[in-house]
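This report concerns only the one structure given below.
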Amino acid sequence: MKEKTEGARKIWNKYKYAALVALIGAGLLLWPGLGSVEDRGEKPASSPAAQSGWDLQTIQTEMEDILAAMDGVGQVKVMLTVDSDGERQLAQDTQLSYSGDTAAPEDYSRKSETVLLDGSGGDETVVVRRTWPTYRGALVVCQGGGSAEVRLAVTGAVAALTGLPTDRVTVAKWQ
C-alpha cells in the first residue's frame, strides 16, 4: 500500500503543473458559455471597461495575479500583444416594410435601431455576443524565470489563458 501512495505522489509531483494548466483551460472553455450578464437576468456592469468590451490592461493584471500565485514564479509582469481587440455585437431592433406583392415587392425599406435599456446611470446597450481578443504574442518576466520548470509551467498557463501556441510565449528571468 505504501508503494502505491509513493508512486501516486511521484506522478502528482511530476504532472501537477500540467494538471493546473488543464484546469485553467477547462475553466476558460466553460467561461464564455455562461452567457452574458443580460441573459442571466443580472444588471450589467457599469464600469467603463465592462461597457467598452475587453480591456487589455485588466486582462494583463489578472493574468499577473494568477501567475504570481503559482509555485516558484514570484514577482511577475505580463505584456500581451493583440491582432484584434475583440468584438461586441449589439442587439438591433429591425423593421422591414414593403409595398406591392409579397413575392415581388415594388418598394421596401428597412429601419434598424440599437436596443437600449433604461439603467440607473442612463441608457445601456444590450450586448448579444462578445468575442475575445486575438493575441499575437506574450512576454512574461518573472523572478522564477531562470528555472526550466517554472518557465514550462508559466508558458503552459499563458498558452491556456490566451489560446497562443507555446512558441509565441516567452518567459524571461526578472533582473
Side-chain angles (χ1 to χ4, degrees), residues 1-90 126-175:
M1 184 70 169
K2 187 176 181 182
E3 292 175 15
K4 287 184 180 181
T5 58
E6 286 180 20
R9 181 165 285 157
K10 285 181 182 179
I11 291 172
W12 170 250
N13 287 336
K14 186 174 182 181
Y15 293 108
K16 65 183 171 187
Y17 294 112
L20 175 66
V21 171
L23 285 173
I24 291 171
L28 286 175
L29 286 174
L30 295 174
W31 186 1
L34 294 176
S36 67
V37 170
E38 294 85 4
D39 292 343
R40 295 188 305 263
E42 299 172 11
K43 289 186 178 181
S46 59
S47 70
Q51 291 178 357
S52 66
W54 308 110
D55 180 20
L56 184 61
Q57 184 63 42
T58 303
I59 292 171
Q60 287 178 170
T61 303
E62 288 180 17
M63 192 176 294
E64 287 170 359
D65 293 343
I66 291 168
L67 294 174
M70 292 173 58
D71 185 35
V73 174
Q75 200 171 11
V76 64
K77 226 26 198 161
V78 174
M79 179 175 181
L80 298 170
T81 55
V82 294
D83 276 334
S84 71
D85 288 338
E87 175 182 299
R88 291 183 324 148
Q89 183 179 3
L90 304 178
V126 176
V127 178
V128 177
R129 183 183 66 140
R130 293 183 186 198
T131 58
W132 284 93
T134 305
Y135 298 102
R136 178 176 292 219
L139 171 63
V140 179
V141 180
C142 62
Q143 288 177 328
S147 163
E149 185 177 343
V150 170
R151 281 196 311 270
L152 179 63
V154 169
T155 300
V158 171
L161 290 170
T162 61
L164 284 168
T166 55
D167 65 333
R168 292 193 175 211
V169 177
T170 300
V171 178
K173 184 177 181 183
W174 190 287
Q175 219 180 28

Open item on the list: Donor-acceptor pair, distance only, cut-off 3.5 Å: does the side chain of R151 make one with the backbone of G146?
Closed with: yes

- [ ] Let me see the working for M63 and L80 under side-chain contact (heavy atoms from CB on, under 4.5 Å), right down to the final yes or no.
- [x] CA-CA 10 Å; M63 192 176 294; L80 298 170; 4.1 Å; yes

- [ ] For the pair T81 (side chain) and G137 (backbone), establish whether a donor and an acceptor sit closer than 3.5 Å, ignoring hydrogens and angles.
- [x] yes

Open item on the list: Quick check for you: to the nearest 0.5 Å, what is the distance between K14 atom NZ and K10 atom NZ?
Closed with: 11.0 Å

Task: Exercise: identify the closest heavy-atom pair between V150 and C142 - done: CG1-SG, 4.3 Å

Task: For the student: nearest non-hydrogen atoms of V169 and A159, plus distance - done: CG2-N, 4.4 Å

Open item on the list: I'd like to know if the side chain of Q143 and the backbone of Q75 have a donor-acceptor N/O pair within less than 3.5 Å.
Closed with: yes

Task: Test side-chain hydrogen bond (donor to acceptor under 3.5 Å, both in side chains) applied to Y17 - qualifying residues, sequence neighbours left out - done: D71

- [ ] Kindly compute the distance separating CG (L56) from OG1 (T61), expressed to the nearest 0.5 Å.
- [x] 9.0 Å

Open item on the list: Do V73 and W174 make a side-chain contact, defined as non-hydrogen atoms from C-beta onward lying under 4.5 Å apart?
Closed with: no

Open item on the list: Just to verify, what does R168 make a side-chain hydrogen bond (donor to acceptor under 3.5 Å, both in side chains) with, not counting sequence neighbours?
Closed with: none

Open item on the list: Using the rule side chain to side chain contact (heavy atoms under 4.5 Å, CB included), only one of D65, L139, V158, L67 pairs with V78; which is it?
Closed with: L67

TODO: Taking all heavy atoms of A157 and all of V21, pick out the closest pair and write down the distance.
DONE: N-CG2, 3.6 Å

Open item on the list: Take a 6.0 Å sphere around NZ of K77 and say whether it holds more than 12 heavy atoms from other residues, nucleotides or ligands.
Closed with: no

